[in-house]
Structures are given as C-alpha cells and as structure tokens.
2 protein chains.
Amino acid sequence: MGQALSPQDLSEFTPQEKSITLVEQVLVQIQTSIIKGELPAGSKINEQALAEKYGISRGPTREALQLLERQRLVVRVPHIGARVAALTVEELNDLYELRSTLEVMACELAAKRITEEQLNNLWQLLERQEAALNDGDSYFQQEGDVDFHYQIIRASGNRHLQETLIGGLYHLLRMYRYQCTNNSRRPVRAIAEHRRIVEAIAQRDAELAGLLMRRHIEQGRQNTEQRLKQLQAQTLAAKPQNVC
Amino acid sequence: MGQALSPQDLSEFTPQEKSITLVEQVLVQIQTSIIKGELPAGSKINEQALAEKYGISRGPTREALQLLERQRLVVRVPHIGARVAALTVEELNDLYELRSTLEVMACELAAKRITEEQLNNLWQLLERQEAALNDGDSYFQQEGDVDFHYQIIRASGNRHLQETLIGGLYHLLRMYRYQCTNNSRRPVRAIAEHRRIVEAIAQRDAELAGLLMRRHIEQGRQNTEQRLKQLQAQTLAAKPQNVC
DNA sequence: TAGGTACTAATTGTCAACAATATGCAATGT
DNA sequence: ACATTGCATATTGTTGACAATTAGTACCTA
C-alpha cells in the first residue's frame, strides 16, 4: 500500500524547504546586507521598498525589522521609520566594554563547565584556523573567529548569557568588524591568543582564561577603533558639508 | 487669523494623549498582567483573545508579543504560538548569574562616572526608602528597589549595558520577585545594603561598590530561590498528575 | 532673503479577510 | 484497549486596503 506522496516524502525532493516562516527566510538576507554595508550604516530603510525587494508584503517586513532592532542593527522610531544603526566611536567603546565583561564571564564559566566533546570541537576549530592562516584564507578567518567566540559562549552553559551575546550583541559586532577591518597581520597574533585561551580552558583555569580573553578582546577593540577613525576622517573629508 | 482648532490645540483638552502607537498603549498593560501573574507563568497566549481584550486588532498585538519576547516575558514558537515565560529554578540561577555580572559592572562604572545630580537623586531615594520602611509601605519597597538599581544602571553611562539590563532582563526579574516574594524582614537588611553601596559610590570606590552589589544581589537570589522552591513544591503537591 | 503656512505626496500604523498550519476528535482497524 | 487515519475546528501567517502621521513643496508675508 501507499508509496503515495505524504507531506514528509516531499522533503526528499525539496530538502530543506520546510514550512519556514517568511520572516526567517528574509531575516538573514537583510542582516547580511546591513553587516556588509550594502544597506549603508545610518541610512533610512523604506518598508515598502524592502518588502518589494524580497517579494513579500509589509507585515513580515516589519517583523523582520523589529527582530533586527533586537539585534541592534536597526533603530526604529514610531511614525518616523527605521534606520540602519550608525557606527560611532562612542558606541564602539560602550559595545566592547559590555562585550568584554560578558565574554570574560562566558570564558570563566566555560573553563568550569565545558564538556570533553565541546573541548574537542574547540581544538579542531583552532587547528583549522591555524591551517587557514598559511593559506591566507581571510574569509575563513572572519567566520572562524566568530565561531571561536561562539563556541566558548555556548560552552558557558548559561542560556541568558547566550541569548544576550548571540541574539543581542553579536551581529552588531560583526558589522563593526566587517566594515572596519584593516588587512594587517593581526590574524597571526589573534590566533596565537586563541590557542592560549583554549589551553587555559582545557586546564580548567577559569581566572587565566578570563584574563586572556579580556586582553584578546581589548586588542580587537583598539584595532577596530583605529580603523573606524580612519574611515570617518575620510568620509568627513570627502563631504565638506558646510563651506563657511 | 483663525483661532480655529489646529491639531496641537487639542492637546490642551486631552493633555498627554499624544499620537502614541497602540502597541505602546497596550504593552505596559500586558507586561503588568504577566508580571503579576494574571496571565499565569507558562500559560498559552491566544492572539485573538488578547487583541479583543484590549479592543485592538491582531497586528499590534503580535508586535507587542514580540516586544515582550525581547524582554524575555514571552516565548514564541513559529506556527505554534506564544506562551508566558515559565519560572524555573535553573533559569533563575542563570538569570541572576548574568544579572550579578552586569550590575556589578554598572556599579563600578557608576562609581567612576556618576554626576553630582545623579548622586543627589540616589541619596534622596535612599532616604525615602528608609522612611517607607517605618511606614511598612511594602508596595513602595518593591518599586523603590527597582528604582534603586535602575538609577545606578543609568549612572553607568553605558548605553548598551542599559539596554541589555533594562530592556532585556529587568522585567523578567521583576516577575520573579513579584511572584516569589515572601514577607520576611528582608527589606530592612536590603536597605542597609543599599546605603553602603551608595556610600561606596559616593567615595568613588568602584571595587568596593561592585563587591557590595554582588553580595546584595546574591542575597536576593537566595531569597527568591527559596521561595520559588516552596511554591513549586506546593503546586506539584496540589496536582498529583499520575497516581501510579 | 528669511521665515512661516497651507497643501500635496510619501510613509507608517491599523485593520479585516484569506491562506497555511497545527490541534482536537471521532471513526476505523488490529 | 491501543494506535492510526482522516476530517473538522481553531490558531497562526500573510496579504492588500485604508487611516493617521510625517516629510516635502510651493506660496505668501514681512
């Protein structure tokens, strides 16, 4: 009886096309556009236009924008509209100040709670990163670094911490890093720091792991701040808005 | 000419009835219902019913629910629906673990950055709390305590920290406290702790202020955890779900 | 020319209907 | 009695139209 098509069978032919909601489909795309700067930082977002761009109506679009606001990539004002988050030095410092506190916490917790399996994954990621370093695969560097911090946060075991960092801060951090990356040889040093952090975690030395993470993040902040100031100086010079 | 009614003139007759959005009007009411338990923790929320209750349509209702999800008071699952957050001991510990880290950070920053005016407000609030203690005004105690922490968070000067704590965690904390408050004489002790924290901030002693805040919050956690366990034991005893 | 004012256009907020999905229940067969 | 199937109901996801508000523009006045 019945080799007939049940709804589940269809999944063989159209694999990951589950009954996903429109918002979920579109959210990542808009997110990426913002992080890469295709939707420029600080620019206005038109609901209608955005909806048409992805072939959906304004309802799901509004929901997506609200989710992006939760991720701090978008700022919405009633009756006025939505804007892409602006990148400023002041916010960068606030953001990294908070990030540092939270990831140090995550790192300390991870040193106490990480499982053997999670630790193995971390080692493997580290090796892949070190390998990619020789290949000069800069794209993998970006994603790999995100993954590194991501895995440690997961290993902390604190749900609210994970939600705060990954759901709330991480995408904005990605945006700063994507748009303020200079092609120095920071990766070499960064990955060396990664190794020492993993070693500390493996030795269950929470205090050391936290300390190393704090320094690691501070390095990243300085790097980003410097580049951001350069960029802003350039754009200000290019737009001499008032000739007094 | 024309003393005729311009839109602005109407505001004289209906004072603070600005053109506020429906979501803003309803959000606080639903929030309060959840925190007070009128919408029971863990219960399902029906969009249609909720919309009718406040005389609005499902559109704004959905937006309000999404905002409540950001505040962790509601959990939404696609195609399934929204539920009021469940109160569990495990989450309470995760929540307080994170809260402690963040408010210690806020306290340390406040000790460094607080203005004279903000400090005066803090002293005044403290005096009002101590006065209310003698009157036994327990409602003011609740709100006063919220205000105390709120003001310190504001004084930290870090926008992202404020958003994370006030926009993300605080309402869920209020829910735990409202529903897990025992009428012990904790307030007396709590306000004594408040005083010492303010003194440390006034002396610009960030380290001490942070330490005192950490202990203060840990006290609150223990208190709430104890009460929560009592409540859950009661409700489980009342519902002997399986008689094996 | 500067500043303010009525008008128009563009944009956001809200609603009600429709489509897609999940839930509950009765009937059926083993 | 138990699990499974199929249908009817209830709930959520999505859409397009309409209302309310803001932004832009031309015009007028001092």
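Rounded to an integer number of Å, the gap from Ile45(A) CD1 to dT11(C) C1' is 14 Å. One can place CZ of Arg76(A) at 17 Å from P of dT21(D), the figure rounded to the nearest angstrom. The NE2 atom of His79(A) sits 11 Å away from the C1' atom of dT14(C) (whole-angstrom rounding). In this structure, Glu24(B) places its CD atom 16 Å from P of dT12(C), rounding to the nearest Å. One can place CD of Glu47(B) at 12 Å from P of dT14(D), the figure rounded to the nearest angstrom. Distance, Ile20(B) CD1 to dG13(C) C1': 14 Å, rounded to whole Å. The separation between Gln25(B) atom CD and dG13(C) atom C1' is 12 Å, rounded to whole Å.
Residues forming a side-chain contact (heavy atoms from CB on, under 4.5 Å) with Ser57(B) (at least two apart in sequence, or on another chain): Pro60(B). Partners of Leu50(A) according to the side-chain contact (heavy atoms from CB on, under 4.5 Å) rule, which considers only residues two or more places apart in sequence or in another chain, are Ile30(A), Ile45(A), Tyr54(A), Thr61(A), Leu65(A). Gln179(A) meets the side-chain hydrogen bond (donor to acceptor under 3.5 Å, both in side chains) test with no other residue; sequence neighbours excluded. Phe148(B) pairs by the ring pair (Phe, Tyr, Trp, His ring centres under 6.0 Å) definition with His194(B), not counting sequence neighbours.
The side chain of Thr21(A) contributes an N or O atom lying less than 4.0 Å from OP1 or OP2 of dT14(D). A sub-4.0 Å separation between OP1 or OP2 of dT12(D) and a side-chain N or O of Lys44(B) is present.
A salt bridge (Lys or Arg N to Asp or Glu O under 4.0 Å) check over residues 146-171 of chain A, counting only residues at least two apart or in different chains, returns nothing.
Comparing atom distances between the Ile80(B) side chain and each of dT23(C), dT14(D), dG13(D) picks out dT23(C) as nearest. Proximity note for Val23(A) (side chain, C-beta onward) versus dT14(C), dT11(C), dT14(D): the nearest is dT14(D).
In summary, the side chains of Arg72(A) and His160(B) do present a donor paired with an acceptor at a separation below 3.5 Å, with no hydrogens or angles considered.
Not a single donor-acceptor pair under 3.5 Å links the side chain of Tyr96(A) to the backbone N or O of Thr224(A).
Applying a 4.0 Å cut-off to non-hydrogen atoms, the residues of residues 48-71 of chain B that approach DNA chain D are Arg58(B), Arg62(B), listed by residue number.
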